[in-house]
Amino acid sequence: MNKIAPLYARVKQDLKNRVTSGALAEGDFLPSEPELCAEFGVSRITLRRAVKELCEEGYLLRQQGRGTVVSRRPIAQQLVTLTGFSEAFKAEGAVTHQVLDVKEVRDDKASVLRDAPLLRINRLICVDGRPLTLESLFIDSEALPRVVGPVSQGASFFETLRDTGGPQPLAAERTLAVGFATPAERRHLGVGPTDPVWRIDKTVLAAGDEPIAFSRLVTPTHLITYSLRT
């Protein structure tokens with residue numbers, strides 16, 4: 001480390017080197033503050049400044065009540081891509097859909113499908129067993145009766161549409177915002193109250209701009225980056 005750099009910057013660079021070299025792997029917890037302070041010979045104030053900046057830069061993530069872990073490398077995705085999660089993230093690992101609950105509900109935004117109760121499937125989408133996104137998927141069970149069973153059991157919506165000969169997605173309309181997770185969302189995603197999340201509302205369209213599904217997605221911003229090609 002550069003002996004001229006401020007003490008906190010030297011600690012920060014050392015920890016960053018451990019992350020980038022793999023000495024601290026994705027998902028590993030940092031040693032405790034007393035251990036790191038003793039190792040580097042610094043105060044807690046100095047250590048916390050170094051860790052804070054690494055969190056802000058996306059190398060580390062504070063998990064409330066658990067400690068600080070090495071962040072997953074952000075997954076890059078084009079915002080205009082029309083694919084399901086299984087296709088979009090298959091290069092990152094095995095994609096699974098953990099169904100949390102299935103319920104018939106009314107929802108103002110999802111009424112783009114029809115002005116009547118819709119089937120809402122709340123699910124946690126994981127890559128290699130690690131939470132990536134919470135999704136509330138709304139479908140018209142009367143219009144897509146053959147899709148309901150497989151998707152309610154954890155199958156990919158897009159793949160099920162293909163397998164059952166359902167209407168094929170041709171376009172999607174999205175609105176995107178950044179906010180903070182609710183307590184229930186934080187429990188599922190493993191983030192803290194000050195960790196920002198992407199909030200995306202997505203309407204999937206078939207031929208003739210016919211809406212076939214509506215999704216409400218919540219994803220921690222440190223897990224995915226979006227790009228837009230015009």
Side-chain angles (χ1 to χ4, degrees), residues 75 77 79-89 92 94-127 129-162 164 166-193 195-206 209-224 226:
I75 299 171
Q77 186 186 31
L79 193 58
V80 296
T81 300
L82 183 62
T83 57
F85 277 90
S86 296
E87 295 174 332
F89 301 126
E92 305 295 331
V95 178
T96 56
H97 304 78
Q98 178 187 340
V99 176
L100 304 175
D101 66 67
V102 180
K103 187 176 182 180
E104 195 173 71
V105 299
R106 282 184 177 272
D107 187 283
D108 289 342
K109 288 188 177 180
S111 64
V112 64
L113 301 178
R114 70 168 183 168
D115 189 18
L118 299 165
L119 193 68
R120 183 191 67 197
I121 303 172
N122 286 331
R123 54 190 191 167
L124 178 64
I125 300 172
C126 302
V127 177
R130 295 185 181 180
L132 175 70
T133 293
L134 273 172
E135 179 185 31
S136 291
L137 171 66
F138 296 83
I139 58 176
D140 183 344
S141 57
E142 291 184 9
L144 301 172
R146 299 173 64 189
V147 170
V148 171
V151 176
S152 296
Q153 296 299 315
S156 160
F157 176 66
F158 276 36
E159 290 179 358
T160 302
L161 281 176
R162 285 197 299 269
T164 59
Q168 295 306 295
L170 296 180
E173 296 177 350
R174 296 175 174 89
T175 61
L176 182 149
V178 176
F180 297 103
T182 66
E185 292 166 346
R186 295 200 299 266
R187 286 195 298 272
H188 288 299
L189 294 170
V191 296
D195 296 320
V197 296
W198 297 112
R199 291 190 177 276
I200 298 178
D201 287 349
K202 180 174 73 172
T203 303
V204 178
L205 307 170
D209 286 342
E210 182 69 23
I212 55 176
F214 176 82
S215 289
R216 186 170 292 121
L217 304 154
V218 181
T219 308
T221 59
H222 72 277
L223 294 181
I224 188 166
Y226 290 106

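When the salt bridge (charged side-chain N to carboxylate O under 4.0 Å, His left out) test is applied to E185, the partners found at least two apart in sequence or on another chain are R199. Among residues two or more places apart in sequence or in another chain, the side-chain hydrogen bond (donor to acceptor under 3.5 Å, both in side chains) test is passed with R130 by E26. Taking R216 as the reference, D107 meet the side-chain hydrogen bond (donor to acceptor under 3.5 Å, both in side chains) condition, with sequence neighbours excluded. In this view, V99 and V102, I121 satisfy the side chain to side chain contact (heavy atoms under 4.5 Å, CB included) rule, not counting sequence neighbours.
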**Study point:** V105 vs F138, side-chain contact (heavy atoms from CB on, under 4.5 Å): CA-CA, chis, key distance, verdict
**Key:** CA-CA 9 Å; V105 299; F138 296 83; 3.7 Å; yes
**Study point:** side-chain contact (heavy atoms from CB on, under 4.5 Å) assessment of L119 paired with S152
**Key:** CA-CA 10 Å; L119 193 68; S152 296; 4.3 Å; yes
Exercise for review: Please report the C-alpha distance between D195 and R186 in whole Å, then the side-chain angles of each, then the deciding distance to 0.1 Å, and finally whether the side-chain contact (heavy atoms from CB on, under 4.5 Å) criterion is met.
Suggested key: CA-CA 9 Å; D195 296 320; R186 295 200 299 266; over 6 Å; no
Check your understanding: What's the verdict on side-chain contact (heavy atoms from CB on, under 4.5 Å) for L189 and L134, showing C-alpha distance, side-chain angles and the deciding distance?
Key -> CA-CA 8 Å; L189 294 170; L134 273 172; 4.1 Å; yes
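Looking at heavy atoms from C-beta onward, F158 lies in side-chain contact with V204 at the 4.5 angstrom threshold. Between T133 and L223 there is no side-chain heavy-atom pair separated by less than 4.5 Å. By the 4.5 Å heavy-atom criterion applied to side chains, R123 and V151 are counted as neighbours.
Between the side chain of E159 and the backbone N or O of F157, no donor-acceptor pair lies under 3.5 Å.
The list of salt bridge (Lys or Arg N to Asp or Glu O under 4.0 Å) pairs with a residue in residues 108-119, not counting sequence neighbours, reads R106-D115, K109-D201, R114-D140, R114-E142. Pairs passing the salt bridge (Lys or Arg N to Asp or Glu O under 4.0 Å) check and including a residue from residues 94-103, sequence neighbours excluded, read D101-R120.
Counting all heavy atoms, side chain and backbone alike, T221 lies closest to V197 at CG2-C, 3.7 Å. Nearest heavy atoms, L205 versus P211: CD2-CA, 3.7 Å. Of all non-hydrogen atoms in V191 and P220, the two that sit nearest each other are CG1-CG, 3.7 Å. Closest heavy-atom contact between A172 and K202: CB-CG, 4.1 Å. The two residues P193 and F180 come nearest to each other via the heavy atoms O-CD2, 3.6 Å. Nearest heavy-atom pair, L137 versus S215, reported as atom, atom and distance to 0.1 Å: CD1-OG, 3.3 Å.
Here the OG1-NE2 distance, from T182 to H188, works out to 8.5 Å after rounding to the nearest 0.5 Å. With rounding to the nearest 0.5 Å, the separation of CG in D209 from CG in L170 is 9.0 Å.
For the side-chain contact (heavy atoms from CB on, under 4.5 Å) with S141, the qualifying choice from V147, L118, V148 is V148, the only one to do so.
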